[in-house]
Amino acid sequence: MVGGGQLARMSSQAAIGLGLSLRVLSDRPEDSAALVAARTTTGPVDDLAALRAFAAECDVVTFDHELVPPAHLVALEAEGHVLRPGPRTQRFAQDKAHQRAVLGALGIPVPLNRLVGSVDELAMFGDELGWPVVLKAVTGGYDGRGVWVFDDPRNAAHLFASGREFLVETFLPLDRELAVLVARRPDGESVVYPVVESVQVDGMCREVIYPAPISSEVAEHARGLALNVAAAVDAVGVIACELFLVGEHVLLNEIAVRPHNSGHFTIEGCVTSQFENHIRAVLDWPLGVTTPTAPAAVMVNVVGGSTGADPVANLSAALAVPGAHIHLYGKEARPGRKLGHVTALGDDVTETRARARRAAEILTGEQLPL
Ligand SMILES: Nc1ncnc2c1ncn2[C@@H]1O[C@H](COP(=O)(O)OP(=O)(O)OP(=O)(O)O)[C@@H](O)[C@H]1O
Ligand SMILES: [Mg+2]
């Protein structure tokens, strides 16, 4: 797995269960997965020589992020390395304009959008379609970094000065944000996970709630949409579809072609976790069933608080919360950084959510911002 973050760390856990030796190429020795994976190579993921040397030791190369330069992916594949997902699939997650254009043209509902390169073009879009608008960096954004809401185009002048490319889209009155994961084998065989609600704060996922409080019709529609998207991008491994619910309409926000924060609950909350199914899928092995293990599952992220306090200091106190499954990523505590997560299972979503939140609040020593 290229990338040494918490997704690689949790993938390593799944690989251990299967008796596999998952190698990790990580940027820095202190990365979350590098701390635990026995076979870790340290090297920059934008260095083709480092990628090539790493790939030479692997049967299949997969990814914990979307940061490998597209040209390097193409080069590695041309040299015969097996990349799953491959460059064409990864491009959808690397380039928001490509994603919107191709999936929109295939009939997947997406917000109205346009590429813009100046304050004037931004103004034209907003005047035509209404303010506020959402401006997004075409490449390189994550956790809301790379997403801005503007009601006055002049406020975006500093962004255009940077020379980056931007996509502007209509600001939708979201009723909820949903997510659906699909695991897909190279031949197209797929399994789809239950629909969850993802609660975002400042553009970052903070909580994931199963079941999503939506009708069974909307849920089935969302699952069907996610399967269509997975096929359209020729996904291999796990693909996460972040969805917007506006009234009864489901729109695609964005995809990630790897395990995803909205699927951490599957470690305890589904028969087969997203991490195990990602590994099975990229190895072209039979996929595991995705049936929920409890009527309700709630995941709460442990995000570094303003004091920079390390949640490890509060671990034993948090473990006293009954049924709180605590995952800490071994990352240095910094404000706003995802340091871990808590999952609770139960019969009732309100009670389950309260328990997961309690454990997360004990860990950070701060109240959740919602
Ligand atoms: N068109 C829109 N209308 C309303 N809200 C939006 C729109 N686009 C994005 N948002 C809000 O901003 C959040 C972040 O947007 P997006 O998922 O595109 O960015 P990201 O930084 O790539 O996300 P991630 O945190 O998943 O890496 C969304 O989850 C949503 O809350
Ligand atoms: Mg997102």
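Remember, it's 1-based here, ligands and their atoms both numbered in the order they're listed. Residues take their numbers from the sequence shown, with the count starting at 1.
In summary, the side chains of Q200 and S198 do present a donor paired with an acceptor at a separation below 3.5 Å, with no hydrogens or angles considered. In this structure, a donor-acceptor pair under 3.5 Å is absent between the side chains of H72 and E77. In summary, the side chains of N253 and E242 do present a donor paired with an acceptor at a separation below 3.5 Å, with no hydrogens or angles considered. In this structure, a donor-acceptor pair under 3.5 Å is absent between the side chains of Q6 and H264. Defined by atom type and a distance below 3.5 Å, a donor-acceptor pair is missing between the side-chain atoms of S11 and H278.
In terms of protein heavy atoms, atom 21 (O) of ligand 1 is closest to G144 N, 2.6 Å. Taking atom 13 (C) of ligand 1 as the reference point, the nearest protein heavy-atom neighbour is G203 CA, 3.9 Å. Of the protein's non-hydrogen atoms, the one nearest atom 30 (C) of ligand 1 is E177 OE2, 3.2 Å. Among protein heavy atoms, the minimum distance from atom 27 (O) of ligand 1 is reached at D143 N, 2.8 Å. The protein atom (non-hydrogen) at minimum distance from atom 2 (C) of ligand 1 is V134 CG2, 3.6 Å. The protein heavy atom nearest to atom 12 (O) of ligand 1 is V147 CG1, 4.0 Å. The protein heavy-atom contact nearest to atom 22 (O) of ligand 1 is K96 NZ, 2.8 Å.
With a 4.0 Å heavy-atom cut-off, ligand 1 is reached by no atom of M204. With a heavy-atom cut-off of 4.0 Å, L174 touches ligand 1 through its side chain alone.
Using a 4.0 Å cut-off between a side-chain N of Lys or Arg and a carboxylate O of Asp or Glu, E128 and R114 qualify as a salt bridge.
Interface atoms of ligand 1 facing F244, defined by a heavy-atom separation under 4.0 Å, are 2 (C), 6 (C), 7 (C), 8 (N), 9 (C), 10 (N), 30 (C). Using a 4.0 Å cut-off to heavy atoms of F171, the atoms of ligand 1 that qualify are 3 (N), 4 (C).
Between K338, E242, Q200, H260, it is E242 that holds the heavy atom closest to atom 26 (O) of ligand 1. Distances from atom 1 (N) of ligand 1 to the heavy atoms of L172, L167, V199, T170 show the closest one on T170. Nearest to atom 9 (C) of ligand 1 by heavy-atom distance, out of E169, Q99, K136, is K136.
Looking at P109 and L252, their side chains never come closer than 4.5 Å, going by heavy atoms from C-beta outward.
Between atom OG1 of residue T170 and atom CZ of residue F125 there is a gap of 5.5 Å, rounded to the nearest 0.5 Å. With rounding to the nearest 0.5 angstrom, the NZ atom of K136 is 13.5 Å from the CZ atom of F166.
For the side-chain hydrogen bond (donor to acceptor under 3.5 Å, both in side chains) with R258, the qualifying choice from H65, Q90, E66 is E66, the only one to do so.
Residue contacts with ligand 1 do not include G146, since none of its heavy atoms lies under 4.0 Å from the ligand.
Rounding to 10°, one obtains 90° for the angle at the Mg ion (ligand 2) between OE1 (E242) and OE2 (E254).
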